[in-house]
Amino acid sequence: MLRIRLVLWYSFLVVLTVAAVGAVQYALLYRSLANELDSDLLDDAKTALHLVSNRASKHFSPGIGHTHTNYSSKTIKQLVDDAIRDAPDSISGKDLTDRVLSSLMDEMLGELSSKDSIAADPFDALVERTLTSRRNDLMEIYAVRPESGMQKIGLPIYRTQNLGSDTIRNLYSISAISAKDTARTLGEVEFKGEALRAAIASNKDFIVFEAYTETDIWDVISRSQSTYLFVLPIALLIATFGGIILARKALKPIEEIANTAQDIGAKNLSRRIEMPARGDRELTSLVSTLNSMISRIEGSFNQIAQFSSDASHELKTPLAILKGEIEQAQRRIESIHHLETVEAQTLLASLMEEVERMQRIVEGLLLLAKADDHKLPLRKENVLLSRFLESIAEDAEILAADRGLHFQRQFDENAKEIRLEADPTFLYQVLMNLLDNAFKYTPSGGMVRLFLHRSDGMAKFGVEDTGSGISPEDLKKIFRRFYRSEQARAHQGAEHTGRSLGLGLAITKSIVEAHGGNITVESQVGKGSKFTVGLPILKG
């Protein structure tokens with residue numbers, strides 16, 4: 001069912017979107033937290049190096065060991081100024097205040113630890129207070145041993161106890177650094193089942209390794225994941241119910257259209273689907289397409305119904321005549337037991353006439369059926385139109401003279417070299433149908449003209465007469481099959497017209513359209529008619 005598929009697809013897309021957003025959010029969050037941690041590591045390593053370099057020189061000489069040089073006492077203001085000067089540029093506000101207070105405490109610890117009454121090692125007291133008061137830091141401090149432009153890692157000066165038997169330098173496999181490599185982050189390594197990130201800072205005397213575990217990062221990510229996993233089912237539930245509501249609302253107009261279309265049958269093809277209240281382009285296009293299709297079906301159905309009725313009517317007359325002639329001949333034979341030669345010849349001639357009429361009807365219907373199916377057997381040739389029309393005009397002059405009509409040619413000079421790609425046989429049939437109609441409905445003494453000119457890249461030719469003309473009501477119907485106006489029916493019994501089938505103009509229109517052209521008519525009652533055929537000119 002379409003509605004269920006839409007809901008499932010909608011829910012799947014929602015879950016896929018949420019999962020993709022979650023994955024991107026996870027990657028961005030981890031990168032942001034890792035970058036923030038690396039920045040903190042680098043700042044802390046630089047701060048530790050700065051403090052060790054400024055303070056430890058009074059208590060320690062690299063490569064020699066501890067000394068106990070007394071601090072020179074300073075005022076509080078001097079200590080604060082020194083702390084502010086020594087603080088990194090990247091901190092301010094509360095962090096700067098904390099750093100200044102920490103530096104003051106370091107100074108006091110250093111002063112106190114240099115007294116004989118204090119047992120604590122002055123350097124260890126400095127490091128413990130200044131460098132390990134933050135999160136679970138891992139720290140190592142080494143003396144520098146310069147060698148050939150490199151700074152070899154010398155004696156260890158300090159390391160935090162939480163490192164155990166490991167060393168940061170071994171975890172990262174660092175034995176020496178460049179003299180220009182003063183500070184950088186070291187990336188991530190595995191340490192006791194946890195991820196560890198570290199930074200290094202150095203100068204000519206000391207190398208400081210500072211490392212943090214990623215525990216804080218994963219705590220934040222874990223909380224985000226918990227929130228995400230809690231929100232995901234709720235989002236899926238909302239998406240499912242929302243999808244059901246949206247699918248029902250979106251498909252309701254389509255269901256109404258389908259129900260209306262099902263109600264339309266052969267007996268009510270005039271009914272149309274109403275446009276939806278909402279002006280959605282897709283629904284409007286669908287309704288317009290369906291209504292257009294129904295209109296075409298209605299037209300075809302009506303045409304078939306009319307065609308069947310007209311064909312039955314046209315075939316009924318010759319069949320009735322055939323039946324009557326045969327029955328009359330049978331009665332004649334039964335009464336006198338033989339049939340005179342003259343009577344037999346008259347009977348056979350009458351029967352042949354009706355058979356020929358039915359043959360013309362069948363052939364005309366077959367031709368129209370092929371034209372409707374785009375299978376008209378055209379044998380196109382390169383035709384010089386003016387010469388072709390001249391040959392037809394010669395025959396037309398004779399026919400016009402027999403009927404007491406004046407015949408004229410009107411060929412423009414700029415159209416005499418026009419060539420067409422057309423079937424000469426069918427083209428001849430088109431012109432003779434038009435001329436035959438002009439001769440039928442033009443009274444004696446009238447005029448019939450065959451014309452040719454060029455217009456808008458098309459060859460325009462046809463027949464114009466001064467006959468009785470066609471009424472506006474009939475003009476819309478004259479190209480229909482078996483259609484004959486009242487005027488045509490009035491001529492039905494005239495000796496010069498023969499029996500009209502009502503198929504001539506329909507066949508003419510089908511042939512012209514099969515050649516890629518068109519046919520138009522202009523007429524005024526009592527003044528005459530003008531039929532114009534337009535065909536594309538052969539280029540080159």
Side-chain angles (χ1 to χ4, degrees), residues 269-270 272 291-292 294-311 313-314 364 368 371-372 396 400 403 405-408 410 429-453 455-456 458-494 496-515 517-535:
L269 283 172
S270 59
R272 297 293 180 268
N291 283 337
S292 176
I294 295 170
S295 296
R296 291 194 299 271
I297 293 174
E298 181 185 17
S300 299
F301 185 84
N302 292 338
Q303 186 176 3
I304 291 172
Q306 184 66 38
F307 175 80
S308 301
S309 175
D310 292 340
H313 177 76
E314 293 296 330
L368 290 171
D372 290 342
R403 291 169 171 80
L405 300 174
H406 300 286
F407 182 80
Q408 296 181 356
Q410 185 179 354
Q429 185 175 355
V430 167
L431 288 164
M432 291 309 297
N433 281 343
L434 297 178
L435 287 168
D436 184 57
N437 285 338
F439 293 152
K440 284 179 183 179
Y441 302 111
T442 302
S444 179
M447 183 273 297
V448 176
R449 179 185 296 116
L450 183 65
F451 64 87
L452 167 66
H453 63 271
S455 176
D456 299 329
M458 301 280 286
K460 300 287 187 177
F461 60 95
V463 176
E464 184 178 7
D465 62 61
T466 59
S468 56
I470 307 170
S471 68
E473 294 77 12
D474 291 330
L475 274 178
K476 302 175 182 178
K477 305 173 185 178
I478 58 173
F479 291 108
R480 292 182 182 177
R481 299 165 191 185
F482 295 114
Y483 179 78
R484 283 172 293 175
S485 65
E486 292 300 325
Q487 183 183 11
R489 294 181 187 276
H491 282 272
Q492 180 69 25
H496 67 281
T497 60
R499 288 173 177 169
S500 173
L501 300 178
L503 292 176
L505 288 178
I507 292 173
T508 297
K509 185 174 185 291
S510 296
I511 293 174
V512 170
E513 290 179 347
H515 281 81
N518 58 75
I519 182 170
T520 59
V521 57
E522 303 171 34
S523 183
Q524 290 184 7
V525 177
K527 293 186 178 181
S529 304
K530 180 179 181 181
F531 286 83
T532 303
V533 176
L535 290 180

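Keep in mind it's a predicted model, so treat the numbers as computed, not measured. Values reported hereafter were calculated over all heavy atoms of this structure, with side chains retained and with hydrogens, waters and symmetry mates removed. This chain uses plain numbering: 1 for the first residue, then up along the sequence.
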Undergrad: Nearest heavy-atom pair of Asn433 and Gly504: which atoms, and what distance?
TA: ND2-O, 3.4 Å

Undergrad: Return the set of residues passing side chain to side chain donor-acceptor pair (under 3.5 Å) with Glu513 (not counting sequence neighbours), or none when no residue passes.
TA: Lys509

Undergrad: Between Gly534 and Lys460, which heavy-atom pair has the shortest distance, and what is it?
TA: CA-CD, 4.1 Å

Undergrad: Quick one: CD1 on Ile511 to CD on Gln429, what's the gap to the nearest 0.5 Å?
TA: 4.0 Å

Undergrad: Please enumerate all residues that pass side chain to side chain contact (heavy atoms under 4.5 Å, CB included) together with Ser292, with sequence neighbours excluded.
TA: Arg296

Undergrad: So which atom in Pro443 and which in Gly467 form the shortest heavy-atom distance, rounded to 0.1 Å?
TA: CD-CA, 4.0 Å

Undergrad: Please name the pair of heavy atoms, one in Ser529 and one in Ser523, separated by the smallest distance, quoted to 0.1 Å.
TA: OG-OG, 2.8 Å

Undergrad: Going by side-chain contact (heavy atoms from CB on, under 4.5 Å), Phe461 matches just one of Leu434, Thr532, Leu535, Leu450. Which one?
TA: Leu535

Undergrad: Between atom CD1 of Ile470 and atom CD1 of Ile478, what is the distance when rounded to the nearest 0.5 Å?
TA: 4.0 Å

Undergrad: Using the rule given for side-chain contact (heavy atoms from CB on, under 4.5 Å), can you reason through Asn518 versus Met458, listing the C-alpha separation, both sets of side-chain angles and the distance that settles it, and then say yes or no?
TA: CA-CA 10 Å; Asn518 58 75; Met458 301 280 286; 4.1 Å; yes

Undergrad: Please report the closest heavy-atom contact between Phe439 and Ala396, naming both atoms and the distance.
TA: CZ-O, 3.6 Å

Undergrad: According to side chain to side chain contact (heavy atoms under 4.5 Å, CB included), who are the partners of Thr442, at least two apart in sequence or on a separate chain?
TA: Leu405, Val448, Asp465, Thr466

Undergrad: Can you tell whether the side chains of Arg449 and Glu464 come within less than 4.0 Å, N to carboxylate O?
TA: yes

Undergrad: Quick one, Thr508 with Phe531, criterion side-chain contact (heavy atoms from CB on, under 4.5 Å). Give me CA distance, side-chain angles, the key distance, then yes/no.
TA: CA-CA 11 Å; Thr508 297; Phe531 286 83; over 6 Å; no

Undergrad: According to side chain to side chain donor-acceptor pair (under 3.5 Å), who are the partners of Ser295, at least two apart in sequence or on a separate chain?
TA: Arg272

Undergrad: Going by the rule side chain to side chain contact (heavy atoms under 4.5 Å, CB included), which residues pair with Lys477 if we only count those two or more places apart in sequence or in a different chain?
TA: Arg480, Tyr483

Undergrad: Where do Val463 and Phe451 come nearest, in terms of heavy atoms and distance?
TA: N-CE2, 3.5 Å

Undergrad: Which residues satisfy the side chain to side chain contact (heavy atoms under 4.5 Å, CB included) test with Gln524, sequence neighbours excluded?
TA: Lys527

